[in-house]
Number of protein chains: 2
Amino acid sequence: MARARISDVAAVAGVSVTTVSLVMNDVESRISQETRQRVREAARAVGYAPSSVARGLRTQRTRTVGLISDQIATTPFAGRMLAGAQDAARDAGHLVYLLDTGGDAAIEREAIDALTAQQVDAMIYACMWHRVVDVPQGVLPKTVLLDCRPVNGGYRSVVPDDRAGGAAAVRELVAAGHRRIAYLDTDDPGPLASRLRHEGYLEALAEAGITADPALHVRGETSAHGGRAAAEALLDLPDDKRPTGIFCFNDRMAAGVYIAAHRRGLDIPRDLSVVGYDDQQLIAAEQDPPLTTVALPHYAMGRWAMEVALGVRAEGDEDATHLMECPVIRRDSVGPPPAQVAKPNRRRASHTERPPEAAPDR
Amino acid sequence: MARARISDVAAVAGVSVTTVSLVMNDVESRISQETRQRVREAARAVGYAPSSVARGLRTQRTRTVGLISDQIATTPFAGRMLAGAQDAARDAGHLVYLLDTGGDAAIEREAIDALTAQQVDAMIYACMWHRVVDVPQGVLPKTVLLDCRPVNGGYRSVVPDDRAGGAAAVRELVAAGHRRIAYLDTDDPGPLASRLRHEGYLEALAEAGITADPALHVRGETSAHGGRAAAEALLDLPDDKRPTGIFCFNDRMAAGVYIAAHRRGLDIPRDLSVVGYDDQQLIAAEQDPPLTTVALPHYAMGRWAMEVALGVRAEGDEDATHLMECPVIRRDSVGPPPAQVAKPNRRRASHTERPPEAAPDR
DNA sequence: CTGAAAGCGCTAACAT
DNA sequence: ATGTTAGCGCTTTCAG
């Protein structure tokens, strides 16, 4: 059975197609209650659903949005962002095309062309990490950027407020009484997040009247392994220099700090406090003890981007970056600093070699 | 400037719209090389791109696919699956609509209606965990299921071969010489994976001539915490009963086994071998030592589903479930069993209480 | 080898 | 309060 058309409904209801169109689109004007009813029933009877394609051709508005992203595959954050965008689109009666380019410029071009051909009403250009991008030619002029900012302005964008997030993280430590606080940073200069969180770190230190010790700003590979290595170095510092609290660039690196601490018999948070960033469920919540961290507002950013792209949310400035707050998630990895710094084993830590005999249970 | 139409190109090239259409669509027939050239140039000159909407209305084929999923947000697997589907769609010149329902039936209905109105050429119904679903009314008859199977047949579907995967995992342990192998299962009976992996476990044991010990099939909450608790119980078994290898339902639980083992001073893989499942990058690869696990072929499944949905891959049977192989990823958590079972500390393990003083570095 | 014209299903200006 | 009708931009017969 072929799809019912508007004329079928009109015939069954004994009215014109105009009338059907009017009632299907809930146009306020005219049309008596009784007619409306009749049309509704006829539509149901023949199983009518308006064709978005025909409507799109006629109105030149398709009620679709294109979401172009560099990587959905490799990051656990993608989902929350998509979900936020998704939900906002649904609320506004729009459908979203998802286009993943893998960062490939040629594919990006193709994607933009396809979306243009499809006459999407809006576009969102999303990155999976907060960074600066050169927005490709051909995107709709009102495109909004998600989790990235345009290198030369010209677009509205939404990104996490990494500076404030970094400051908030460090304030957790300060509030618990810590004075020697390290920033275990990534060694990858790409993401803006690294620099911004560092600024936040310095800001929170300054407002607490603590002089930042450059020796406490260390870098490592962005992984548990890298975090562990950097933490070892920090824990090898002389007692009076050693940090009592460590703010980590992300949760993965914080997991490395846990490993380093536990291998030395240091208890978290009794002997060492740690704060992460990202609130990666699989990591932060599953640590022992659960990790206090700063959450990236991916869902909210996705929603925001979609709402302004669709004009649901009026955002005055055509060329402004919206900073989204990163809430701190308090769990159990922060406590007061030890009265006297716990004495770690002075032996050079070895990351690979393993002592010949098993240690007794703690 | 308004969008260029086919008639604009025709005017510039001095030909009819028919001719333009023919060359734009690479229709083999007629049209001299010279005319083609002229049309191409005209198209470029006016910046012409065919309207997919108009074409869709005319041809009744939109070159779009709807991908309905229960949850993209909460699982780190979603990305790979979407990427696979995505790539296959692009290869076939299709665009994909992503619709996340959050498992809500009303939203699911809406989604299906919207896709129907949009006249998508195909639909994929995806789950984020291998399970049995009751496919909702209204989906296209040739819809393909991704990572789930239909409760009453009637649809093609693709799921991971969890049985073979479970067997492969256990064979890793058997091949290393283990005889007392535990299966640390989830306590959630929902996913088919639990049952299937258990069957695989039993199968691998049987083929190695090992009698399965029911005491070695334990369950726990599906998390690192649950894995740790279950592992404690296993490690508390008397020496001659204790497993030397543990196959875990997933990587998260395996991470819990690591914690339990390390807290007792047990070295992996020297004192205990462990195999996970899922190959979650953030977990498996970052363990110390890196975890040997079984990968879920999400990308391949996504691709497969899209290819059969689009008819690119001819899959004879209209009503068959395709089993996708789960490759084992060898890392460093499996070794030969200890010559003599390492003696763990006999004291009852406590999961929350913490001894008053830090233990010395191992 | 090329063109004219019908029509996909809908909305909206204009009649009545 | 309701109906007629002209397109939206394209593909595709059917005629030359």
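So that the names make sense, note that chain A is the first sequence line, chain B the second, and so on, each numbered from 1. The figures that follow rest on heavy atoms only: side chains count, while hydrogens, waters and symmetry mates do not.
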- prompt: Of all residues at least two apart in sequence or in a different chain, which pass the ring pair (Phe, Tyr, Trp, His ring centres under 6.0 Å) check with A:Phe77?
  reply: A:His298
- prompt: For D:dT11, does either OP1 or OP2 sit under 4.0 Å from a side-chain N or O belonging to B:Gln60?
  reply: no
- request: Mind calculating the distance between CZ (A:Arg61) and P (C:dC10) to the nearest angstrom?
  value: 18 Å
query: Which parts of residues 111-123 of chain B get close to DNA chain C, meaning a heavy atom less than 4.0 angstrom away?
result: none
- request: Nearest-nucleotide wise, let me know which of B:Val15 and A:Arg58 is further upstream toward the 5' end of DNA chain C.
  value: B:Val15
- prompt: Is any N or O donor-acceptor pair between the side chain of A:Thr18 and the base of C:dT11 shorter than 3.5 Å?
  reply: no
field: Euclidean distance, atom CD1 of residue B:Ile6 to atom P of C:dA4 [Å, nearest integer]
entry: 13 Å
message: Just to be sure I understand the rule, does A:Val53 reach a base, reach only the sugar-phosphate, or reach nothing, if contact means heavy atoms closer than 4.0 Å?
response: nothing
- prompt: Which whole-number value in Å describes the distance from A:Leu57 CG to C:dC8 C1'?
  reply: 9 Å
query: Of all residues at least two apart in sequence or in a different chain, which pass the side chain to side chain donor-acceptor pair (under 3.5 Å) check with B:Arg58?
result: none
- prompt: Which pairs pass side-chain hydrogen bond (donor to acceptor under 3.5 Å, both in side chains) with one or both residues in residues 79-88 of chain A, sequence neighbours excluded?
  reply: A:Asp87-A:Arg90, A:Asp87-A:Tyr299
- request: Write down the distance between CZ (B:Arg63) and C1' (D:dC10), rounded to a whole number of angstrom.
  value: 15 Å
- request: Could you check B:Val17 against B:Ala54 and say which one's nearest nucleotide on DNA chain C is further toward the 5' end?
  value: B:Val17
- request: Nearest whole angstrom, please: distance from the P of D:dG7 to the CZ of A:Arg55.
  value: 22 Å
query: Can you name the residues that form a side chain to side chain donor-acceptor pair (under 3.5 Å) with B:Thr321, not counting sequence neighbours?
result: B:Ser157
message: Going by ring-ring contact (aromatic ring centres under 6.0 Å, His included), name the pairs with one or both residues in residues 126-156 of chain B, residues two or more places apart or in two chains.
response: none
query: Is any side-chain N or O of B:Thr19 closer than 4.0 Å to OP1 or OP2 of C:dG3?
result: yes
Between P of C:dC8 and CZ of A:Arg5, the distance in whole Å: 7 Å
message: Tell me whether the side-chain N/O atoms of A:Ser21 come closer than 4.0 Å to OP1 or OP2 in C:dT11.
response: yes
- prompt: Is it the case that more than 12 heavy atoms not belonging to A:Glu325 sit under 6.0 Å from its CD atom?
  reply: no
task: Just jot down the side chain to side chain donor-acceptor pair (under 3.5 Å) partners of B:Ser16, sequence neighbours excluded, or say none.
output: B:Thr19
task: Specify the separation, in whole Å, of atom CE of B:Met24 and atom C1' of D:dG9.
output: 13 Å
- request: Please report the closest heavy-atom contact between B:Arg38 and B:Ala13, naming both atoms and the distance.
  value: NH1-O, 2.6 Å
Contact residues, residues 39-51 of chain A to DNA chain D [heavy atom, < 4.0 Å]: none
message: Under the rule for side chain to side chain donor-acceptor pair (under 3.5 Å), what residues qualify as partners of A:Asp121, not counting sequence neighbours?
response: A:Thr62
- request: Calculate the interatomic distance between A:Leu22 atom CG and C:dC14 atom C1'; express it in whole Å.
  value: 13 Å
message: As a quick check of understanding, evaluate side-chain contact (heavy atoms from CB on, under 4.5 Å) for A:Thr64 and B:Gln118, giving each step before the final call.
response: CA-CA 10 Å; A:Thr64 60; B:Gln118 213 63 239; 4.2 Å; yes
